[in-house]
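Everything numeric in this text was worked out from a predicted model, so none of it was measured.
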Amino acid sequence: MTETAQAGGNIPVEAFETLRQAFEDFQARSDQLERAYLSMQDDFKKVNLELERKNAELESSLAKREALERQLQQASAMAALGEMSATVAHEIRNPLGAMGIWAGLLERDLDAQDPRRKTLGKITDGLAKLNKIVTNLLVYTRPIATDFRKVRLSALLEEIVDFTEIEIGRLGRNITVEKKFGDAGGLYVMADPEKINQATINICLNAVQAMEDGGTLSVGIEKDSAEDGKYVIFTIADTGPGIDREHLDKIFVPFFTTKEDGTGLGLAIVKKIIEFHGGRIDIKSELGVGTQVSCYLPSVQG
């Protein structure tokens with residue numbers, strides 16, 4: 001057969017080779033396009049993930065901005081409340097003091113058996129409660145004036161434990177005090193001792209008051225291993241009746257109290273003091289088991 005012989009009896013050899021080459025070129029091009037398409041898909045997925053990440057960051061930024069705006073609004077409201085409290089304190093404290101003095105004088109002049117002494121006693125107690133509310137309101141709303149210095153936390157808590165044991169004796173309650181300081185002698189915080197003293201005594205006395213039938217008060221110190229020792233934690237735990245879950249979320253809300261003679265500002269002040277020190281406060285409680293309050297303070301080198 002000649003070079004023009006037909007393949008399969010119909011297609012010349014040259015035409016067949018041309019078609020075969022065209023098919024191979026087409027297949028190679030198809031493979032190239034498929035790879036390009038798959039690459040575009042990967043790029044699209046990466047872009048989509050990046051967009052999702054950016055969107056999450058934007059949402060987080062917006063949430064932080066909203067939180068900061070709320071904090072600013074709250075700070076403005078607290079500043080206004082502080083100014084109002086100062087005015088109220090000025091207008092009320094002097095009359096309260098005068099009324100207390102007059103009630104004391106009247107009570108002194110009455111016989112021990114005079115029934116009016118009981119009435120005067122109630123008036124005196126009421127005046128003392130009003131004065132406590134005004135004082136706590138001023139403490140909570142006014143900016144905290146502090147004298148920061150390096151403090152060995154165990155030494156500070158030793159004094160508070162001693163004071164608490166005296167108060168337990170005065171109340172005549174069967175409460176055992178346990179100190180769990182371990183090797184906390186080398187743990188220091190940058191703090192105002194007077195303010196931390198105020199906050200810690202408040203927590204301890206709350207615990208003592210909760211254990212009317214006796215129990216155990218534990219005071220402990222440890223380093224926060226979960227955050228590379230960034231914080232020193234002091235914990236105050238009692239074996240009292242515990243706090244109802246529905247009340248636990250409101251425990252730091254100003255003026256919320258379950259005590260008949262409470263002002264609802266004690267723990268709110270504690271939270272303000274701890275947070276002013278750059279720390280935080282956590283509370284856990286279980287009915288019938290007790291309550292544990294943990295305060296985190298930034299640690300410093302001894």
Side-chain angles (χ1 to χ4, degrees), residues 74 132-133 136 139-140 153-154 156-158 160-182 184 187 189 191 195-227 230-298:
Q74 185 179 17
K132 182 180 179 181
I133 291 173
N136 284 344
V139 171
Y140 180 71
L153 192 56
S154 59
L156 182 60
L157 291 187
E158 285 277 6
I160 293 168
V161 168
D162 290 342
F163 173 84
T164 304
E165 288 178 329
I166 292 172
E167 182 64 13
I168 290 171
R170 188 186 70 81
L171 294 173
R173 296 195 176 175
N174 184 25
I175 296 175
T176 302
V177 179
E178 295 182 349
K179 291 185 292 185
K180 299 179 179 180
F181 293 175
L187 299 180
V189 294
K195 297 298 187 297
I196 296 299
N197 188 300
Q198 177 186 353
T200 310
I201 286 176
N202 193 306
I203 299 171
C204 286
L205 293 184
N206 278 348
V208 169
Q209 291 167 9
M211 293 186 285
E212 294 182 358
D213 299 325
T216 302
L217 175 68
S218 302
V219 182
I221 306 174
E222 62 180 327
K223 206 161 191 175
D224 183 18
S225 57
E227 298 190 42
K230 181 180 178 182
Y231 293 97
V232 174
I233 312 169
F234 68 88
T235 302
I236 299 165
D238 65 65
T239 57
I243 303 170
D244 195 292
R245 184 174 295 277
E246 66 175 301
H247 294 155
L248 199 58
D249 294 337
K250 306 174 185 176
I251 204 73
F252 296 115
V253 175
F255 301 110
F256 173 80
T257 181
T258 57
K259 298 178 184 177
E260 186 176 343
D261 59 345
T263 64
L265 285 170
L267 286 177
I269 292 172
V270 169
K271 185 173 185 287
K272 180 179 179 180
I273 290 172
I274 297 299
E275 290 182 347
F276 189 81
H277 280 74
R280 70 177 190 273
I281 182 169
D282 293 332
I283 184 166
K284 298 177 182 177
S285 189
E286 185 177 345
L287 290 177
V289 177
T291 301
Q292 176 179 297
V293 180
S294 299
C295 298
Y296 294 68
L297 295 175

Closest approach of Gly214 and Ile175, non-hydrogen atoms and distance?
CA-CG1, 4.0 Å
Ser294 and Thr235: which non-hydrogen atoms are nearest, and at how many Å?
OG-OG1, 3.3 Å
Below 4.5 Å, heavy atoms only, C-beta onward: do Phe252 and Ile281 meet side chain to side chain?
yes
Is there a donor-acceptor pair under 3.5 Å between the side chain of Thr239 and the backbone N or O of Gly215?
no
CD1 of Ile196 to CG of Leu156: how many Å apart, nearest 0.5 Å?
7.5 Å
Are the side chains of Phe181 and Val219 in touch, meaning some heavy atoms are under 4.5 Å apart?
yes
If I compare all heavy atoms of Leu187 with all of Lys223, which pair ends up nearest, and what's the gap?
CD2-CD, 3.9 Å
Rounded to the nearest 0.5 Å, how far apart are CZ of Arg280 and CG of Leu297?
10.5 Å
Any side-chain heavy-atom pair from Leu267 and Val293 closer than 4.5 angstrom?
no
Which distance, rounded to the nearest 0.5 Å, do you find between the CD1 of Ile221 and the NZ of Lys179?
10.0 Å
Least distance between heavy atoms, Thr291 atom then Ser285 atom
OG1-OG, 2.8 Å
Please check if the number of heavy atoms outside Asp162 that lie under 6.0 Å from its CG is greater than 12.
yes
Where Lys180 and Glu178 come nearest, the two heavy atoms and their spacing:
CE-OE1, 3.5 Å
What distance separates Arg173 CZ from Glu167 CD, expressed to the nearest 0.5 Å?
9.0 Å
Can you find a heavy atom in the side chain of Phe163 that is under 4.5 Å from one in the side chain of Asn197?
no
Report yes if the side chains of Ile269 and Gln198 come closer than 4.5 Å at any heavy-atom pair, otherwise no.
yes
Just verifying a value: how many Å separate Ile233 CD1 and Asp224 CG, rounded to the nearest 0.5 Å?
4.0 Å
Which residue is it: Asn206, Leu205, Thr200? I am looking for the one with a side-chain contact (heavy atoms from CB on, under 4.5 Å) to Asn202.
Asn206
Residues Tyr296 and Ile274: closest non-hydrogen pair is O-CG2, 4.0 Å
Can a salt bridge be assigned to the pair Lys284 and Asp282 using a cut-off of 4.0 Å between side-chain N and carboxylate O?
no
Kindly compute the distance separating NZ (Lys195) from NZ (Lys272), expressed to the nearest 0.5 Å.
10.5 Å
Are the side chain of Arg245 and the backbone N or O of Leu287 linked by a donor-acceptor pair below 3.5 Å?
no
Heavy-atom check, side chain of Ile168 versus side chain of Asn174, under 4.5 Å
no
